[in-house]
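Heads up: the structure comes next, in structure tokens.
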Amino acid sequence: MTSPGIHRRAGRVDAADNVTPLRELAEAPAFAVFQQMAATPRGLTEAEAAERLHRHGDNVPQALSEDGFFTRLAAALRSPFVALLSVLAAVFVAVGDPRGSTIVVVMVVLAVGLRLWQLTRTVRATRQLRTLTSATATVRRRADELEAPLEREVPVSDLVPGDVVSLRAGDVVAADLRLLSCTDLLVDQSVLSGEALPVRKSASVADGVVTGTGIIDSASLCFAGSAVVAGSATAVVVATGSQTYGGSLARDAARLRPESSFDVGVRTVGWTLIRFMLVLVPIVFAVSGAVSGIWPQAAMFAVAVAVGLTPEMLPVIVTSNLARGAARLARDRVVVSRLNAIQDLGAVEVLCVDKTGTLTEDRVVYANSIDITGRIDHGVAEFAYLASFFADESHDRLDAAMCETLAEHGMPLLAEAAFEKVDEIAFDSARRRASVVVQRQPGEHVLICKGDPDRVLPRCSRVWLEQADAELSDDIRLEADDLVQAYRKQGMRVLAVAVKPGPARLEHCCADDETDLILAGFVGFVDPVRASAAPAVGELADCGVDVKILTGDSAIVARQVAGQVGVHPDRVLVGTQIDRIGEHRLPAVVAGTSVFAELGPGHKVRIVAALRQHGCAVGFLGDGVNDVAALRIADAGIAADTATDAAKDAADVILLDKDLEVVARAVVEGRRTLANTMKYVKITAASNFGNVLSVVAASVFLPFLPMLPVQLMVQNLLYDTAQLALPWDRVDREYLQAPRRWRSGGLVGFMVVFGALSSIFDLATFAMLWWVFGAGQNPAMFHAGWFVEGLLTQLAVVLVLRTKNAPWRGDRPARVVVTVSAAVASIGLVLGFTPLAGLLDMSPLPMAYALWLIAVLAAYGLAAHLAKRWYLRRQRSWL
């Protein structure tokens, strides 16, 4: 089969290139299917199976390209900051400065190596989550053409197209299959369709006819990843591995990922800094060369400016923050498979979640049984239990819930002792009901029918009312319908239970006997809402995240659950309504809607895409193959570790506990990570710009460069080393209460305001060094003096500007930040007294200079705090 494309219509996402072959196989008779697959009902020979396995490959999902080493290396290199540093290293080589080029190369290698290491750790953790099982399939194989076929177990990875397999209840379908024969086959294919209830399958050619593009609805096909709930079947394998329908969806969705909010933000900030440099450096070069007439010196001066503007450790700082965020999330049992997704979580404004398993416990629980008047009637539950207990096979989770609950009250012993099964009319999807015939007294049979109220009520002519049967009048029918609707509006599933006593007979019963029934009452079931769901929705709302429910369930159930968890369903938009909304109007419609019901996979993709088009950063929580495309196009795709492998491969974040409270904590952690990253970006950019202004201003008066490029590089390196502690810093609480993105807006203004402020104190230091300490005739002392003052003021201003509050109020800096800053400041102070001073063209400073450093640090800290208050009065946000 050819590689499929994504086809969207009527709310479905179909692998278009796979639809036509599957449609033909679904509608073809068995003989034509065997011809097309070059197979026979006797199965393949071992030689044929081996040749096909070599040709088609193992029946396993295609490995993700993201897992490869070179792919991870490319991802680590793909950064505008790494590109900027690489260009700077080339410039150092061109001007003959090996020390500078070596330092820059070390920075690049360190940044790329750290990111590659973290990505590798993430890939390993994700691989460990994939369940390793020794699953097998029952297949017909022959040693040669003449030998009779035998059914035997083979690993599912050895299945090949043309194999004839057997299915039984409890089997997981390991490949795409065309049914040849089946008996009462029910299949749960929710991982593909999102439909909660199992569907009936048939080998009939007439039942296999596919309408529209909904190939998943074909009754004669079973798809890889679905599970057999009841019945048995024989089928032929038509596709394996990545060529299955589900594999095609996953493979195509892998190509859908657009830029996330993090990608856009980093690119914007990176290019803002690069454009700033590209404008300023040529101007400095031209002016310096024109004034001095010494163009080599002007070139060195321009390089010094470029170095001064470059945040050399930015890639390392960003990756360190992300790695720290990943470590904190790991303690909350969250595995981050795409490192950048941590900050995408912090940007999330809308979180789209499924109802089942996320807001609810994904299990059916028996609630109660009532008569036609709505009063509790345990007799109705006993009849329903007998219908489930004596059925040959349990057809769905409602039967299991009924048996589990009433088994605690001794019903199995009572049923076996008092009743004897006589006959059964099996459930089928057309009738949507099932019946058993039991005997309690000799000569009397009782038919017990249970099923969809819409299908059982029309078969009833009488009703149990006040312990006697009465005529089921039109008024009572209306009351019964109202009662069923009232239960459904509470989010409950309802079964109608009816009985038909009569004399014993020898003939088998059939569907025609399900007439003139006596309505006993109704049985209700619920999927309990998680106790943590409502608090988690409230916590997300407090964080500025709007929760939207996307479910394949009915609108009534979706509305009820939404109300219970605190999502206000002003209206519920269903899949058929979404189909009628144009692409231009859809973004505004979905942005104003909180609950979406009766959705197919394609609807989820359209909703997520429309929300992003509306300008929202979107998180999507899904777990099935049908969710893969939506997981890919969301800013942050989230899956639980119980999700399908395809969903986990597509997700950016994997939850070991499927709980919205964990997601809320992850969102806050993403914002904390972004806050500490933006502290470095803005403060460092402003400090570096101040250094450049100081260099440019001093060059007008000084006969030498106030600081050499390599000195600026070492100063930046020491400062950046101290900032490696920022991932451990505390963050203002108010910052964590709203979605946050990487934004370049305000970056230039911040740089200009606080860069100019630092430059004022630099120029004052120049004056002190020149006129007070006599460094005008000693460039090495001048370099050392500005080196120390520049480093200390940069370290100090971080403690002032890291929060919009006063440094002595609110969330104070983490101890590790203060400790590391003090250690780096100490290194800067003693550097001029070490052997490295000669290599850096610096000399020791007089002890009296320490008094100036104390004064300038105090004055600069106070001035930065006052400038911050002025800046905040004119800007909406801080970092």
Side-chain angles (χ1 to χ4, degrees), residues 115 118 122 258-270 314 317-332 334-353 536-537 539-548 608 611-612 615-621 631 634-638 651-655 660-682 726-747 802-804 811 814 876-879:
R115 192 169 185 83
Q118 183 63 37
T122 299
E259 281 189 314
S260 69
S261 62
F262 174 88
D263 299 325
V264 174
V266 168
R267 178 169 47 81
T268 303
V269 170
L314 183 54
I317 296 291
V318 171
T319 304
S320 298
N321 269 289
L322 294 174
R324 171 62 176 166
R328 291 174 67 104
L329 288 177
R331 292 201 292 268
D332 282 333
V334 177
V335 175
V336 181
S337 58
R338 182 174 64 87
L339 203 56
N340 296 348
I342 295 173
Q343 292 186 3
D344 283 321
L345 283 171
V348 164
E349 297 159 305
V350 175
L351 179 64
C352 299
V353 302
V537 170
E539 188 175 345
L540 286 165
D542 292 340
C543 293
V545 178
D546 182 22
V547 175
K548 296 184 183 293
V608 173
L611 287 169
R612 293 198 62 183
C616 300
V618 183
F620 181 85
L621 178 55
L631 286 167
D635 290 282
I638 308 168
D652 306 312
V653 177
I654 299 173
L655 309 177
L660 277 186
E661 286 188 337
V662 178
V663 178
R665 291 197 294 271
V667 166
V668 172
E669 188 57 46
R671 294 173 186 174
R672 180 179 289 109
T673 301
L674 179 60
N676 287 330
T677 303
M678 292 308 296
K679 288 176 189 177
Y680 175 83
V681 171
K682 283 196 167 185
L726 277 179
W728 284 263
D729 194 19
R730 299 184 181 94
V731 178
D732 292 338
R733 290 182 180 85
E734 54 266 35
Y735 187 93
L736 303 176
Q737 293 173 353
R740 304 291 178 180
R741 302 195 198 193
W742 276 74
R743 298 187 186 276
S744 61
L747 176 58
R802 54 171 290 278
T803 172
K804 70 177 185 178
D811 290 304
R876 296 181 182 177
S877 61
W878 180 232
L879 295 174

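Annotation: side chain to side chain donor-acceptor pair (under 3.5 Å) contacts of N676 (sequence neighbours excluded): K679. Residues meeting the side chain to side chain donor-acceptor pair (under 3.5 Å) test with E349, sequence neighbours left out: R741. Shown here are the side chain to side chain donor-acceptor pair (under 3.5 Å) partners of K548, two or more places apart in sequence or in another chain: D546. Partners of R672 by side chain to side chain donor-acceptor pair (under 3.5 Å), not counting sequence neighbours, listed by chain and number: E669. Applying the salt bridge (Lys or Arg N to Asp or Glu O under 4.0 Å) rule to D332 yields the partners R665; only residues at least two apart in sequence or on another chain are considered.
L660 has its side chain within reach of L621: a pair of non-hydrogen atoms, C-beta onward, lies under 4.5 Å apart. Taking 4.5 Å as the limit, some side-chain heavy atom of V667 sits within range of a side-chain heavy atom of V545. Using a 4.5 Å cut-off on side-chain heavy atoms (C-beta onward), L747 and K682 make contact. Q343 places a side-chain heavy atom less than 4.5 Å from the side chain of L322.
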Task: D652 and D344: CA distance, side-chain angles, deciding distance, side chain to side chain contact (heavy atoms under 4.5 Å, CB included) verdict - done: CA-CA 10 Å; D652 306 312; D344 283 321; 5.9 Å; no

Task: Residue pair I638, L345: steps toward the side chain to side chain contact (heavy atoms under 4.5 Å, CB included) verdict - done: CA-CA 10 Å; I638 308 168; L345 283 171; 4.0 Å; yes

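A donor-acceptor pair under 3.5 Å links the side-chain atoms of R671 to the main chain of A738, judged by distance alone. With hydrogens and angles disregarded, no donor-acceptor distance shorter than 3.5 Å links the side chain of R740 to the backbone of G670. In this structure, D635 contributes its side chain and G619 its backbone to no donor-acceptor pair below 3.5 Å.
Taking both residues in full, the closest heavy atoms of L329 and A666 are given as CD2-CA, 3.5 Å, listed atom of the first, atom of the second, then distance. The nearest pair of heavy atoms linking W728 to A814 is O-CB, 3.3 Å. Shortest non-hydrogen contact noted between T673 and G325 is OG1-CA, 3.7 Å. Summarising the geometry of G544 relative to P739, their closest heavy-atom pair is O-CG, 3.5 Å, with the distance given to 0.1 Å. The minimum heavy-atom distance between L736 and V731, with the atom names listed, is CD2-CG1, 3.9 Å. A617 and A347 make their closest contact through CB-O, 3.1 Å (heavy atoms, listed as atom of the first residue, atom of the second, distance).
Exactly one of V350, L631, L611 qualifies for a side-chain contact (heavy atoms from CB on, under 4.5 Å) with F620. That residue is L631.
Once rounded to the nearest 0.5 Å, the distance linking CG of L674 with CD1 of I342 reads 11.5 Å.
Ion pairing of D729 with R802 is present here, as a side-chain N (NZ or NE/NH1/NH2) and a carboxylate O approach within less than 4.0 Å.
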